[in-house]
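Shown next, in C-alpha cells, is the structure this report addresses.
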Amino acid sequence: MTRGGGLEPFYSPERVAREATLAEPSPRGERLVVSCRSGTRLARAVVDRYRGLLAQERSHHRIDHLADIDFQFSDTESCVRLERHVGGADVFLFQSLLDLASGRSVDENTVAFLLATDACRTWGAAHVTAVLPYLTYARQDKPTRDHREPTSARLMADLALEAGIDRLVTVHPHIAHLPGFYGRIRVDAISPLPYLVDAFQELRGRSDAIVVAPDVGASKLVADAAQALGLPAAIAVKARPRAEEAVTAELIGSFEGRRVALVLDDMIASGGTVRALLRRLAEETEVREVHLGVSHNLGLDIARERLLELQADYGLVDVVVTDSVPQTEAFLELPFLRVVELADVLARTLNRIHHDRPVSSLVREPEATADRVEPVG
C-alpha cells in the first residue's frame, strides 16, 4: 500500500515489455549526466551540445543533468547527495579534478568524485562512466627508488575502480600506458590531434615552418601533427637537474631555413619545459616566431609569468589550450591565449557510449574527426 491508500503496481513481464517500448532505446538505461561542482561548467556545455544534436536529428528524447551534487560540512568533510532517482540510469559523471578557478584542491575534488561514484552505485545506477578530461596523478606513474615514492597513478585507478566506475573518458593522458592501471574497464582517451591541427591550419605546408616536440613524450603527437600539416618535425632532449626544473639539453632535427616553430605538448604546468625550449631555439636556430599548442593548461601563476616573458622576449605568438581544465580569469585575460572547447567531441563520445557504438573514430590518431553520429536518440 502507498501512503495515499493506492496499490503499488505489480510488474508482470508483459507490463515491463510495454513500458520498455516507451523508454530509452538504449539497453544501458536512461542517460543521465551527473556533475560535481568543479565539473558542472563543462558538463553543462556538453549537455547543451547534446541537446543541440538531438534537436538537429528531430529527436524527442532528452538528456537530464544533475548538477553540483557535492558539498562540504563545516569540518571540511566532503559529502554527496543525489536529489533524484538514479536507479537503472546510464550515468556520465563529470569532474574537473584540477580547478584552480574555484579554489578547491585536487584532493578535495578527487574525494568528491569518489563519493559521487559510490553514491550513484549505491542508489542503483546501471553504469557509471567517469568523465575526467584532465587526469590528475597520471604523472606519478612509477615509483622512484631514490625518494621511495608510491605509484600514485595506480592507487588512484584502484580507488576509482573500487568506488564503482565501469568506464573512463579522458583527454590526452600524460602516459600512454594509462589503460594498464584500469585493466578491468575501457579507457577512452580523446586525441588532441584534430583540434590542434585545425587550430594551426595557417602553418600547413609552409616552407619556413617546423613542428617541435619539447621532449620525447610528445614525439608521437608531433610526428602525427607534422604529417597532417605537411611539415618537418624535430625533437628536444630534456633533462631535469632538479624537481620542477627543465633544461633542453639538445635539439635533434634540421632547422635550416625554419623561422616559424609549432611546439606541441600535453600540458603546461610550470612552463619550465617550454621556456627552456624557446630559449634554446632562440640561441641555436633561425626560429623567431613560435606557436604553442597543448591539451591541458594547469593554470599556475608561474606559468602565466613565463608565457608573458616568452611572448615579450622569445617570439611566442599564440597559445592554444582546451577547456579540459577550467581556466582562471588571469589566463583568460591573456590576449594571445585561445581556448578550444571540448563540448562537441565529448557529447558525441557520450552518445556513442550510450548507444553501444564504437568511439574509435573520436579517439584515434591521426585522422580523428567528429562525424555524424548514429543514432542520436
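All values reported here derive from a predicted model rather than from experimental measurement.
- Scored by the side chain to side chain contact (heavy atoms under 4.5 Å, CB included) test, Ala119 finds Val80, Leu82 as partners (sequence neighbours excluded).
- Contact record, Ala153 with Asp141: CB-CA, 3.9 Å, taken as the closest heavy-atom pair.
- With rounding to the nearest 0.5 Å, the separation of CZ in Arg62 from CZ in Arg51 is 7.5 Å.
- His127 NE2 to Leu32 CG: the interatomic distance, rounded to the nearest 0.5 Å, is 13.0 Å.
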For residues 291-303, dump all side-chain donor-acceptor pairs below 3.5 Å to protein atoms at least two apart in sequence or in another chain.
| from | atom 1 | to | atom 2 | distance (Å) |
| --- | --- | --- | --- | --- |
| His291 | ND1 | Asp318 | OD1 | 2.7 |
| His291 | NE2 | Glu289 | OE2 | 2.7 |
| Ser295 | OG | His172 | ND1 | 2.6 |
| Ser295 | OG | Tyr195 | OH | 3.1 |
| His296 | ND1 | Ser324 | OG | 2.7 |
| His296 | NE2 | Val171 | O | 2.9 |
| His296 | NE2 | His172 | O | 3.1 |
| Asn297 | OD1 | Gly299 | N | 3.4 |
| Asn297 | ND2 | Gln327 | OE1 | 2.7 |

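- Taking a 6.0 Å sphere around CD of Glu162, one finds it holds 12 or fewer heavy atoms contributed by other residues, nucleotides or ligands.
- In this structure Tyr137 satisfies the side-chain hydrogen bond (donor to acceptor under 3.5 Å, both in side chains) test together with Asp107, sequence neighbours excluded.
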Using distance only, find each side-chain donor-acceptor pair of residues 281-288 under 3.5 Å and give its atom names and separation, not counting sequence neighbours.
| from | atom 1 | to | atom 2 | distance (Å) |
| --- | --- | --- | --- | --- |
| Glu284 | OE1 | Arg280 | NE | 3.3 |
| Glu284 | OE2 | Arg280 | NE | 2.3 |
| Glu284 | OE2 | Arg280 | NH2 | 3.1 |
| Thr285 | OG1 | Leu281 | O | 2.6 |
| Thr285 | OG1 | Val287 | N | 3.2 |
| Glu286 | OE2 | Gly257 | N | 3.3 |
| Arg288 | NH1 | Thr285 | O | 3.2 |

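- By the ring-ring contact (aromatic ring centres under 6.0 Å, His included) test, His60 is found to be paired with no residue, residues two or more places apart in sequence or in another chain being considered.
- Under a hydrophobic-cluster definition in which Ile, Leu, Val, Met, Phe, Trp and Tyr are linked whenever side-chain heavy atoms come within less than 4.5 Å, directly or via other members, Val237 and Ile235 are assigned to the same cluster.
- By the side chain to side chain contact (heavy atoms under 4.5 Å, CB included) test, Ala67 pairs with Ser35, Thr40, Arg44, His65, sequence neighbours left out.
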Evaluate the criterion side chain to side chain contact (heavy atoms under 4.5 Å, CB included) for residue pair Val91 and Thr117; output intermediate values, then yes/no.
-> CA-CA 9 Å; Val91 170; Thr117 301; over 6 Å; no
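- Ile353 contributes atom CD1, which lies 13.0 Å from atom CZ of Arg31 (distance to the nearest 0.5 angstrom).
- Among residues two or more places apart in sequence or in another chain, the ring-ring contact (aromatic ring centres under 6.0 Å, His included) test is passed with Phe336 by none.
- A continuous path of hydrophobic side-chain contacts links Leu308 to Leu310 [ILVMFWY only; heavy atoms under 4.5 Å].
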Might you work through the side chain to side chain contact (heavy atoms under 4.5 Å, CB included) test for Val46 and Leu350, ending with a clear yes or no?
-> CA-CA 9 Å; Val46 172; Leu350 268 56; 4.1 Å; yes
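- For Arg304, the side-chain hydrogen bond (donor to acceptor under 3.5 Å, both in side chains) criterion is met by no residue, not counting sequence neighbours.
- Residues Arg275 and Glu305 are not paired through a salt bridge, judged by the lack of any N-O separation under 4.0 Å between the basic side chain and the carboxylate.
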Assess whether side chain to side chain contact (heavy atoms under 4.5 Å, CB included) is satisfied between Val359 and Ile190, documenting all intermediate values.
-> CA-CA 9 Å; Val359 300; Ile190 293 173; over 6 Å; no
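- Side-chain contact between Leu334 and Val319 is absent, with no heavy-atom pair separated by less than 4.5 Å.
- Under a hydrophobic clustering in which Ile, Leu, Val, Met, Phe, Trp and Tyr are joined whenever their side-chain heavy atoms come within less than 4.5 Å, directly or via other members, Val317 and Val321 fall into different clusters.
- In summary, the side chains of Asp99 and Ser96 do not present any donor paired with an acceptor at a separation below 3.5 Å, with no hydrogens or angles considered.
- Between Arg49 and Ala343, the shortest heavy-atom contact is CG-O, 4.0 Å.
- Inter-residue side-chain proximity for Arg352 and Pro358 is flagged as unmet; no heavy-atom pair is nearer than 4.5 Å.
- For the atom pair Leu135 CG and Phe181 CZ, the distance stands at 10.5 Å (nearest 0.5 Å).
- Rounding to the nearest 0.5 angstrom, the gap separating the CD1 atom in Ile252 from the OG atom in Ser219 is 10.0 Å.
- Contacts of Asp208 classified as side-chain hydrogen bond (donor to acceptor under 3.5 Å, both in side chains), with partners at least two apart in sequence or in another chain: Arg206.
- Closest non-hydrogen pair, Val86 versus Cys120, comes out as CG2-O, 4.0 Å.
- Using a 4.5 Å heavy-atom threshold, the side chains of Tyr50 and Val33 count as separate.
- Considering only heavy atoms from C-beta on, Thr136 stays 4.5 Å or farther from Asn109 through its side chain.
- For the atom pair Asp344 CG and Leu53 CG, the distance stands at 6.0 Å (nearest 0.5 Å).
- Applying the salt bridge (charged side-chain N to carboxylate O under 4.0 Å, His left out) test to pairs two or more places apart or on separate chains, those with a residue in residues 114-132 are Arg121-Asp166.
- In this structure, Val169 and Thr129 have side chains that are in contact, with non-hydrogen atoms separated by less than 4.5 Å.
- A 4.5 Å side-chain heavy-atom check between Leu229 and Leu262 finds at least one atom pair inside the cut-off.
- Partners of Ser152 under the side-chain hydrogen bond (donor to acceptor under 3.5 Å, both in side chains) rule, at least two apart in sequence or in another chain, are Gln140.
- Connection of Phe71 to Leu93 is not established within any shared hydrophobic cluster, with ILVMFWY side chains joined at heavy-atom distances below 4.5 Å, either directly or through further cluster members.
- Considering every non-hydrogen atom in both Gly39 and Gln95, the closest pair reads N-OE1, 3.2 Å.
- The shortest distance between side-chain heavy atoms of Val212 and Phe255 falls below 4.5 Å.
- Ala130 is linked by a side chain to side chain contact (heavy atoms under 4.5 Å, CB included) to Phe113, Leu132, Ile165, Leu168, counting only residues two or more places apart in sequence or in another chain.
- Nearest heavy-atom pair across Thr170 and Pro133 is OG1-O, 3.3 Å.
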Worked check of side chain to side chain contact (heavy atoms under 4.5 Å, CB included) between Gln72 and Arg37 = CA-CA 11 Å; Gln72 281 194 320; Arg37 287 175 294 172; 4.3 Å; yes
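- Remark: the backbone N or O of Lys142 is not paired with any side-chain donor or acceptor of Arg154 at under 3.5 angstrom.
- By the 4.5 Å heavy-atom criterion applied to side chains, Asp64 and Arg84 are counted as neighbours.
- When the shell of 6.0 Å around CD of Glu256 is examined, it contains 12 or fewer heavy atoms from other residues, nucleotides or ligands.
- Looking only at distances, a side-chain donor or acceptor of Asp215 sits under 3.5 Å from a matching main-chain atom of Ala218.
- The shortest non-hydrogen separation linking Arg258 to Ala209 is NH1-O, 3.0 Å.
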